[in-house]
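Only one structure is covered here, and it is reproduced in the block below.
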Number of protein chains: 2
Amino acid sequence: MKQSTSIQDYLKRIYELTEDGSPASTNDLARELNISAPSVTGMIQKLAAEKPALVEYQKHQGVMLTPIGKKAALEVIRHHRLLEVWLVQTLGYSWDEVHEEAERLEHVISEDFERRIAAALGHPTRDPHGELIPTADLKMPVDDSTPLSALRPNQFATIQRVNAQDPNLLRHLVGLGLTPGIQIEVMEYSSFDNNLTVKAGQKIIVLGLNITTKIFVEIK
Amino acid sequence: MKQSTSIQDYLKRIYELTEDGSPASTNDLARELNISAPSVTGMIQKLAAEKPALVEYQKHQGVMLTPIGKKAALEVIRHHRLLEVWLVQTLGYSWDEVHEEAERLEHVISEDFERRIAAALGHPTRDPHGELIPTADLKMPVDDSTPLSALRPNQFATIQRVNAQDPNLLRHLVGLGLTPGIQIEVMEYSSFDNNLTVKAGQKIIVLGLNITTKIFVEIK
DNA sequence: CATAAAATTTAGTTAAGACTAAATATATTT
DNA sequence: AAATATATTTAGTCTTAACTAAATTTTATG
């Protein structure tokens, strides 16, 4: 019942890619995992053949997680996000440094360790990027946020989460003052390049689609 | 230059088995690692063939670590022991619970993580069992302790370290009040079974060789 | 010191999980 | 709807690190 590190990575990526309800394609998975497409096909077939199956798979149609696969994925994601909070709170990591460390630790911590850090941290519900942490019974809380890219001028919002791991992007956002909890107002929208001009604190900032699709907000 | 988990385990065990200056035998290594002897031979040959070599190996003569292999081993041991302190101090693990968790974590933490916990803990010199922690520049501090088994009646000593990982034994010792820092007096010695009768606090305790060779003391 | 026992190594397999090259299926374009 | 482009799968290989069975070397014993 305990999966290898690489199986856990597959399940986690499949979870992320199927959050919208549509199956994950072999190619998308290959890209996300930095693994060749044929290797991905092989692993998917293996996961689908397990008893009980961890994924549902039809040739050329992509993969979805079975309920069991989903539990396993949420377990890894819970580990990852709790670890991120823990690294930031107790060891002074910054939000652009935690991802890589958590990525390795998530596979080796015990359930006991998980319980201990969750308790020590006061059972946090979000990681340092504002992402929701799956509950101890492995349910993902419902997320009511909207991508910033969907907002238009004169809308006010609070940043809830930033769906990114790239340290450079994260540091850039800190520099701009765009972190969870921050209030913003949309000033302008350009339909040509989908740029949004937003006001955060005193700053007026122009953001491209690449950034606005990664920032999720609660509309005021 | 970064070794696999299993190579790290080999190096660590070889370090422990060669601390007395004599080479580690294939069989001893196999037993310590829970791996078959032929597998051990294979791995040893591989480690000896690396450039630079991690071990010195002559057929049928056992293995020793090269200076480079020793550094690598001390790195893993430093990780392990710092993690044990960390788990006890910040997450409330008891000394019989830490070993297993540290055993998995030691292979995946970054040098940055190592530095952060070392600093957060105030650069401890011993782990929860009293074992010395290799320094940041990977030197093992000299150990001046004596096995309790070498003491005789009327000698007084302080327990410095307990060289054991078995949770049952460790809990047993806590029950007997035999933990690092505790003062003891040797009352009796039996040359027949090598039992020692010691006084720790109020208690009078008879200990077999299996235990007295694992407890290391500083003679008063 | 010859022989039995124990330790070690060699030889050959296996499993996981990656890879490339080639084949095939699906999707897109004209 | 045919032709092309893209995505996916199949087939076969490689590496790591384990295994067992058999051969060999070393050590211990009679």
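Lettering follows sequence order; numbering is per chain, from 1.
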To the nearest angstrom, the CD-P distance between Q3(B) and dA17(D) comes to 11 Å

Atom-pair distance (CG on L29(A); P on dT9(D)), nearest Å: 11 Å

Restricting both atoms to N or O, compile the protein contacts to nucleotides 18-20 of chain D shorter than 3.5 Å, with distance only.
| from | atom 1 | to | atom 2 | distance (Å) |
| --- | --- | --- | --- | --- |
| dA18(D) | OP2 | Y10(B) | OH | 3.3 |
| dC19(D) | OP2 | S36(B) | N | 2.8 |
| dC19(D) | OP2 | S36(B) | OG | 2.9 |
| dC19(D) | OP2 | S39(B) | OG | 2.8 |

Would you say T26(B) places a side-chain N or O within less than 4.0 Å of OP1 or OP2 belonging to dT9(C)? yes

Interatomic distance, L11(B) CG vs dA17(D) C1' [rounded to whole Å]: 15 Å

DNA chain D contacts among residues 44-57 of chain B, heavy-atom distance under 4.0 Å: K46(B)

I need the NE2-C1' distance between H60(B) and dA23(D), as an integer number of Å. 10 Å

When you check the phosphate oxygens OP1 and OP2 of dG17(C), does a side-chain N or O of S4(A) lie under 4.0 Å from one of them? yes

Within the supplied structure, the quantity of interest is the number of heavy atoms (other residues, nucleotides, ligands) at a distance under 6.0 Å from E32(A) CD; does it exceed 12? yes

In whole angstroms, the gap separating P of dG17(C) from CZ of R13(A) amounts to 17 Å

Counting only N and O atoms by type, is there a donor-acceptor contact under 3.5 Å from the side chain of T66(A) to the main-chain atoms of L54(A)? yes

Take atom CD of Q61(A) and atom C1' of dA27(C), then tell me their distance rounded to the nearest Å. 12 Å

Distance in angstrom units between N27(B) CG and dT26(D) C1', rounded: 12 Å

Classify the side-chain pair S110(A)/D112(A) by whether it contains a donor and acceptor separated by less than 3.5 Å. no

When you get a sec, tell me which of dT10(D), dT9(C), dA25(C) is the closest nucleotide to the side chain of K59(A)? dT10(D)

When you compare the side chains of D96(B) and S94(B), does any donor N or O come within less than 3.5 Å of an acceptor on the partner? yes

Short side-chain to backbone donor-acceptor contact, R161(B) and F216(B), under 3.5 Å: no

Cut-off 3.5 Å, no hydrogens considered: what does the side-chain donor-acceptor table look like for residues 84-91 of chain A, sequence neighbours left out?
| from | atom 1 | to | atom 2 | distance (Å) |
| --- | --- | --- | --- | --- |
| E84(A) | OE1 | H129(A) | ND1 | 3.0 |
| E84(A) | OE2 | H80(A) | NE2 | 2.8 |
| T90(A) | OG1 | W86(A) | O | 2.9 |

Whole-Å distance, R31(B) CZ to dA6(C) C1', equals 14 Å

E50(A) side-chain N/O to L47(A) backbone N/O, donor-acceptor pair under 3.5 Å: no

Please check if any side-chain donor atom of D9(B) sits under 3.5 Å from a side-chain acceptor atom of H107(B), or the reverse. yes

Are E103(A) and K12(A) ion-paired here, with the side-chain N under 4.0 Å from a carboxylate O? yes

Out of dT9(D), dT9(C), dG17(C), minimum distance to the side chain of I7(A) belongs to dG17(C)

